[in-house]
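Here the structure comes first, spelled out in structure tokens, and everything after it is commentary.
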2 protein chains.
Amino acid sequence: MNLETIARLSGVSRSTVSRVINNSPRVSEDTRRKVLDIIQQTNFQPNIAARSLASGCTRILGLVIPTAVSNLFVDPYFPLLIQGITAACNARDYSMMLWLADAEYERRMMRQILYSGLIDGVLLASMPENDPMLEALREARRPFVVQGRDPHHSDVAYVDVDNLESSRQATLHLARLRHRRIAHITGPLNTAVGKDRRRGYEQALQLSGLSYSPALVAEGDFSYEGGYQAMLRLLPHNPDAVFVASDTMARGAMRAVIENGLTIPEDIAMVGFDDMPFAAQMEPPLTTVRQPVLRMGSVAAETLIELIENPNAKPLGIRLPTELVIRASCGFSLRAGAAA
Amino acid sequence: MNLETIARLSGVSRSTVSRVINNSPRVSEDTRRKVLDIIQQTNFQPNIAARSLASGCTRILGLVIPTAVSNLFVDPYFPLLIQGITAACNARDYSMMLWLADAEYERRMMRQILYSGLIDGVLLASMPENDPMLEALREARRPFVVQGRDPHHSDVAYVDVDNLESSRQATLHLARLRHRRIAHITGPLNTAVGKDRRRGYEQALQLSGLSYSPALVAEGDFSYEGGYQAMLRLLPHNPDAVFVASDTMARGAMRAVIENGLTIPEDIAMVGFDDMPFAAQMEPPLTTVRQPVLRMGSVAAETLIELIENPNAKPLGIRLPTELVIRASCGFSLRAGAAA
DNA sequence: GATAATCGTGAGAGCGCTCCCATGAATTTG
DNA sequence: CAAATTCATGGGAGCGCTCTCACGATTATC
């Protein structure tokens, strides 16, 4: 079943069928209807390989997730991101290809991704700083969008949340509730996210006239265990609140607090980051910064498609707004009066 | 950059270069080396579209996850599955394409998947019973493998765990620990998984000489909330143990137990299913049936690839073994003496 | 040592599409 | 009303690869 067959069946030429399929305006309504009828009847679907070969594009997006973070994959973060991307792809008639960048295969994969013509553009998720992939991508002059701001390259299209502003707001919220010894469990500090969120925390302290104490900052790695360990290090310094850079770490931190016989939010107030599905189910429910993960996925995909179909478009960065979701863990209800 | 160029540079014909690339034995060692050198130098990668067009296969596997379960996506189940599939694909030089089957796009997608020649075979993950996709797949005579047994089609290749046996073992474990009023929170009973696990539970009761009571069985839907609600329904009937058909539901159930002032495992022992990463971090740590999810993914992919490259191969079902991971929630340590 | 099999290689067709150009009919223009 | 423009359509080349067949050279067979 191919264009030729459809052409014969509908009494026109292959070219005309192609025009119908590609919605060219240069077809009479009569012919169009006739051809579409036959296509419907025969359940015809143009061959993608042939199409790609002739046209030079595949309408396939590549999503690359570095192995370094594929452990993070235990978070529902990526599933949500993927759902968002998929939605955008569906809407624009694109498909998505997923690569989990295993170190061992990285070189081969990179070549395949970049030079085999399989994909029209690349979505890089949560790349570590200075990933070689990025350099390779610009060298190959392929359209791409990274998820997460890269402070080292300003001319790269990215989609991210405003980590700085979000963290500032989260910390300010704790300060407004009259907490004075506000601690911070950071993300990995070799990533832009980790740094940005810490800077937001620092700025909030300054804005609130609180002094910054290195003892009240502990580095985490976005994992449950990392959060637990970091909290253990913070406890001896008697924080009365803690802003944790991810919900998963907050779960670990919460456990550390409870194991030490302290109560949340009475002894230590807590704010997380992400608003993962489990955040609302924690005990107490976690106040946290909601990231529009799904939306981030679809915006990233849309940006990439734009870049593909419009090669002259300047790559630009997009920061999506977050939302502070106030639940019980920050002690809002306890001190609401005092804060007003 | 194409075959012709490589051929010219290495002083052979296009055909020979093609042979080198495809590891044909019909090339002298000398020529092979010469050509490989040039390929290395020029960073050449054959065009996939052209290759597919000429050969009729793409070396791309399609992974289809129905929307119905994409909420389940909040479990790290699918990420793990995907990781397994990816690993197998990497090893066999295949790539993977992901489709989240959104109802609205289902028809169009199905056609694209089946007839556009984009993919060589389909992996169906966690399909609901009687999914139309399955029928379409066999009609189109495409190789495919489903993840999860389908009781309605015996000639379909599938990869699954032995849900029946696993559930029987899990329940038997509770019975051996001298629990007598063992309840069960089921999965959705319109799925094979849900039914199989319940049957395992029933068989274990019978084997242990315990009587089956409908009041001690509550249907869940694999969600946290579903587990919570199911447990609330069970509590009035005073179970002394409960076998929960998924870890996520077990989390919900555990919350219900604790909110009612009861203790696990002292008042109610609990066994889950999945061994999700969080199971070990629960309080108390959850005894549960470990599914080899990652392995399931890679086995599924390998089976599919086998089917693709070997069209005469009979599709066959594979059941992977599970493992009962004993932690504190079943009260093993409490009653170990009694059980010996 | 003549015949047959094997091996390494090249030439050419063709996979199914897109895209450019040609063509003739219908329409507009001065 | 002749010339120019627009429109709907068809023809043909070509995208970059694979695969079959042909061909000469080498090796095996009796």
Side-chain angles (χ1 to χ4, degrees), chain A residues 1-36 38-39 42-60 93 95 111-112 114-120 308-309, chain B residues 1-36 38-39 42-60 93 95 111-112 114-120 308-309:
Chain A
M1 184 58 56
N2 55 20
L3 274 198
E4 206 74 52
T5 315
I6 302 294
R8 217 177 35 243
L9 288 176
S10 31
V12 298
S13 77
R14 180 169 31 85
S15 304
T16 302
V17 178
S18 174
R19 284 190 198 98
V20 171
I21 288 177
N22 292 295
N23 282 315
S24 157
R26 312 194 140 285
V27 186
S28 72
E29 261 324 298
D30 256 23
T31 315
R32 183 185 306 277
R33 201 150 309 156
K34 209 163 44 181
V35 173
L36 282 177
I38 301 287
I39 290 182
T42 55
N43 216 29
F44 170 73
Q45 187 74 10
N47 180 295
I48 294 210
R51 223 173 178 179
S52 310
L53 183 56
S55 72
C57 46
T58 58
R59 299 191 81 84
I60 297 177
D93 202 12
S95 301
R111 239 176 63 169
Q112 191 180 5
L114 297 177
Y115 299 108
S116 74
L118 218 197
I119 53 174
D120 288 349
I308 290 168
E309 300 189 343
Chain B
M1 184 62 53
N2 57 17
L3 274 199
E4 206 73 54
T5 315
I6 302 295
R8 216 175 37 243
L9 288 176
S10 32
V12 297
S13 76
R14 180 167 32 84
S15 305
T16 302
V17 178
S18 173
R19 286 192 196 96
V20 170
I21 286 177
N22 293 294
N23 280 316
S24 158
R26 314 192 140 285
V27 186
S28 71
E29 261 323 298
D30 255 26
T31 315
R32 183 186 306 278
R33 200 149 311 154
K34 210 165 42 182
V35 173
L36 282 178
I38 301 287
I39 291 182
T42 54
N43 218 26
F44 170 73
Q45 187 75 10
N47 180 295
I48 294 210
R51 223 174 178 179
S52 310
L53 182 57
S55 73
C57 46
T58 56
R59 300 189 80 85
I60 298 178
D93 202 14
S95 302
R111 238 175 64 170
Q112 189 179 6
L114 297 176
Y115 299 109
S116 73
L118 217 196
I119 53 174
D120 289 349
I308 290 169
E309 300 188 343

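First the proteins, then the strands, lettered A, B, ... as listed; each starts at 1.
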So which atom in [X] and which in [Y] form the shortest heavy-atom distance, rounded to 0.1 Å?
| X | Y | value |
| --- | --- | --- |
| B/Ala49 | A/Leu53 | CB-N, 3.7 Å |
| A/Lys34 | A/Ser10 | CE-O, 3.6 Å |
| A/Ile21 | A/Phe44 | CD1-CE2, 3.6 Å |

To the nearest 0.5 Å, how far apart are CD1 in B/Ile39 and CG in B/Leu9? 10.5 Å
How many angstroms lie between CG in B/Asp120 and SG in B/Cys57, if you round to the nearest 0.5 Å? 5.0 Å
Backbone N or O of [Y] within a donor-acceptor pair of the [X] side chain at under 3.5 Å?
| X | Y | value |
| --- | --- | --- |
| A/Thr5 | A/Met1 | no |
| B/Asn22 | B/Ser24 | no |
| B/Arg32 | B/Arg19 | no |
| B/Thr58 | B/Leu118 | yes |

Decide yes or no on salt bridge (charged side-chain N to carboxylate O under 4.0 Å, His left out) for A/Glu29 and A/Arg33, but give the supporting numbers first. CA-CA 6 Å; A/Glu29 261 324 298; A/Arg33 201 150 309 156; 3.3 Å; yes
Nearest-angstrom distance from the residue atom [atom1] of [X] to [atom2] of [N]:
| X | N | atom1 | atom2 | value |
| --- | --- | --- | --- | --- |
| A/Leu118 | D/dC17 | CG | P | 13 Å |
| B/Ile39 | D/dC17 | CD1 | P | 10 Å |
| B/Asn47 | D/dG14 | CG | P | 18 Å |
| B/Leu53 | D/dC19 | CG | P | 12 Å |
| B/Met1 | D/dC15 | CE | C1' | 16 Å |
| B/Asn2 | D/dG16 | CG | P | 5 Å |

List every contact pair, protein side and nucleotides 18-20 of chain C side both N or O, where the distance is under 3.5 Å.
| residue | atom | partner | partner atom | Å |
| --- | --- | --- | --- | --- |
| C/dT18 | OP1 | A/Asn22 | OD1 | 3.4 |
| C/dT18 | OP1 | A/Asn22 | ND2 | 3.1 |
| C/dT18 | OP1 | A/Arg51 | NE | 3.0 |
| C/dT18 | OP2 | A/Ser18 | OG | 2.6 |
| C/dT18 | O4 | A/Arg14 | NH1 | 2.5 |

Wobble G-U and Watson-Crick pairs count when both distances are under 3.5 Å; given that, what is the 5' to 3' dot-bracket string of DNA chain C, with | for pairing to other strands? ||||||||||||||||||||||||||||||
Under 4.0 angstrom between B/Thr16 side-chain N/O and C/dT9 OP1 or OP2: no
Give me the one residue out of A/Val27, A/Thr31, A/Ile38 that meets side chain to side chain contact (heavy atoms under 4.5 Å, CB included) with A/Val12. A/Thr31
Give the residues of residues 26-35 of chain A touching DNA chain D, defined as any heavy atom closer than 4.0 Å, sorted by residue number. A/Arg26, A/Val27, A/Ser28, A/Thr31
